[in-house]
Protein chains: 2
Amino acid sequence: MTKTSDAQIVEAARLIIVLHGATRLTQRAVAAAVGVQAPSLYKRFADKAALLRAVRAQALADLGARLAAAAQGQAPAPAAMRMANAFRAFSAECPDIYRLIFDPALQDAGRGAERAALAPFETALAKIAGAGQGASAAHAMLAMLHGLVRLEIDGSAPATGPHDEAFRFAVYALLQGIAQSAG
Amino acid sequence: MTKTSDAQIVEAARLIIVLHGATRLTQRAVAAAVGVQAPSLYKRFADKAALLRAVRAQALADLGARLAAAAQGQAPAPAAMRMANAFRAFSAECPDIYRLIFDPALQDAGRGAERAALAPFETALAKIAGAGQGASAAHAMLAMLHGLVRLEIDGSAPATGPHDEAFRFAVYALLQGIAQSAG
DNA sequence: GTCTATACGACGATAGAC
DNA sequence: GTCTATCGTCGTATAGAC
């Protein structure tokens with residue numbers, strides 16, 4: 001009897017963001033995409049933010065899976081580099097989804113999902129930095145990557161040279177610094 | 001005959017953002033703050049984005065001045081550390097203004113203002129990294145700081161420990177890594 | 001229970017009179 | 001340069017049809 005489903009709505013919202021950008025994501029557009037009128041969405045998601053939180057949770061799991069796959073079976077340092085590249089690739093592929101993950105208006109209370117998605121990160125960095133500084137090192141690397149990709153996808157960087165080179169330099173320098181702090 | 005001025009409008013907009021948050025910045029609110037009706041603003045600024053670009057330009061200059069003051073008369077490494085702290089203090093003081101500076105929807109074509117504001121940065125980092133890698137090092141440090149403060153003001157970080165410590169660790173590790181890349 | 005029709009209030013923005 | 005009046009779109013509340 002139901003014309004749509006929670007999962008279909010979430011997927012429709014994700015598709016609109018990926019294909020047409022976050023600014024085009026309206027409740028009416030989502031509703032039209034699943035063949036329903038806008039007010040009907042409120043029977044399934046309390047409001048627009050709740051729907052976006054569902055899209056975000058899925059995206060976060062996707063990002064976590066890509067990071068885990070990139071680190072799979074690698075030594076700590078190569079794992080960190082491969083995860084950095086995977087992180088950047090994700091942000092380049094769908095920048096508006098990336099922004100959604102870090103949207104301050106959509107933060108969960110628990111933080112459990114973030115912790116889980118970034119676990120491979122923490123693991124690799126802890127081994128590089130030494131036990132006492134694993135959390136700080138993981139935070140530093142996350143911040144480095146977040147800053148790099150945000151400057152890149154937002155076009156906010158002074159943008160002198162190519163981003164590829166600057167990205168590698170930054171990640172490598174930080175890894176070196178962290179390794180040095182371990183000794 | 002004029003009831004207000006461009007400068008007064010920009011300042012009113014800035015105040016609303018600082019005191020009540022960016023979501024409360026509406027054309028009607030700005031107009032009310034300077035004692036006119038909303039449509040009158042369009043005689044002075046083409047649209048809301050144009051007004052925000054003016055606020056952003058002023059904020060960027062402010063940030064640049066603070067960075068320059070922090071670096072004043074310091075050796076490169078302490079200058080970098082003091083600028084990092086000044087950068088973080090700015091973002092903590094008015095996070096919504098900070099977000100405005102890096103808002104992808106408000107980027108200028110020229111980029112001249114960004115370059116000027118971040119010049120003290122480039123100077124200090126070039127001396128630490130060595131001539132050939134000054135731009136990369138400055139970009140890396142800007143990305144590091146941008147990532148750190150965004151995670152902090154957005155509450156996006158896994159947020160394990162205190163941010164003060166994580167901030168110092170991250171900036172110091174990157175500086176070490178950059179210095180090492182120079183040799 | 002599920003969806004539709006309708007509508008409300010706030011927003012950014014425009015047209016035209018003074 | 002400022003006003004009043006108004007448009008189109010947004011999120012969303014409500015009431016009722018199947």
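Throughout, protein chains are lettered first and strands after them, A, B, ... in sequence-line order, and every chain is numbered starting at 1.
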Discussion item. Measure CD/B:Gln37 against P/C:dC18 and give the value in whole Å, please.
Written reply: 18 Å
Item to complete: Would you kindly give the CG-to-C1' distance between B:Leu41 and D:dT4, to the nearest whole Å?
Response: 15 Å
Worksheet entry | Nearest-Å distance for atom pair CZ/P, residues B:Phe45 and C:dT14 | 16 Å
Worksheet item: How many Å lie between CD on A:Gln27 and C1' on D:dA13, as a whole number?
Response: 13 Å
Discussion item. Closest-nucleotide mapping onto DNA chain D: is A:Ala46 or A:Thr26 further toward the 5' terminus? I mean the 5' end.
Written reply: A:Thr26
Item to complete: Using a 4.5 Å cut-off on heavy atoms from C-beta on, say whether the side chain of A:Tyr98 contacts that of A:Phe87.
Response: yes
Practice prompt. Determine, using ring centers only, whether B:His146 and A:His146 are less than 6.0 Å apart.
Written response: no
Discussion item. Output the rounded distance in Å from NZ (A:Lys43) to C1' (D:dA15).
Written reply: 10 Å
Worksheet, complete the sentence: Of A:Ala38 and B:Lys48, the one whose nearest nucleotide on DNA chain C sits closer to the 5' end is A:Ala38
Worksheet item: Taking CZ from B:Arg28 and P from D:dT2, how many angstroms apart are they, rounded to a whole number?
Response: 17 Å
Worksheet item: Where the side chain of A:Tyr42 is defined as all heavy atoms beyond and including C-beta, which of D:dT2, C:dA15, D:dT12 is the nearest nucleotide?
Response: D:dT12
Practice prompt. Mark yes or no for a side-chain to base donor-acceptor pair under 3.5 Å between B:Arg44 and D:dG1, with no hydrogen or angle criteria applied.
Written response: no
Item to complete: Give A:Leu25 one of three labels, base, sugar-phosphate or nothing, depending on what nucleic acid heavy atoms sit under 4.0 Å from its own.
Response: sugar-phosphate
Worksheet item: Which sits closer to the 5' end of DNA chain C, B:Arg24 or A:Val36, going by the nucleotide each is nearest to?
Response: A:Val36
Worksheet item: Closer than 4.0 Å, any side-chain N/O of B:Ser40 to the OP1 or OP2 of D:dC3?
Response: yes
Item to complete: May I have the step-by-step check of side-chain contact (heavy atoms from CB on, under 4.5 Å) for B:Glu11 and B:Gln58, ending in yes or no?
Response: CA-CA 9 Å; B:Glu11 176 60 12; B:Gln58 198 174 273; 4.0 Å; yes
Item to complete: Could you check whether A:Thr4 gets within reach of a base, just the sugar-phosphate, or nothing at all, counting any heavy atom under 4.0 Å?
Response: sugar-phosphate
Worksheet item: So A:Met81 and A:Leu175, side-chain contact (heavy atoms from CB on, under 4.5 Å) or not? Walk me through it.
Response: CA-CA 9 Å; A:Met81 259 299 175; A:Leu175 281 175; 4.2 Å; yes
Discussion item. Main chain of A:Ala49, side chain of A:Asp47: is a donor-acceptor contact present, judged purely on distance under 3.5 Å?
Written reply: yes
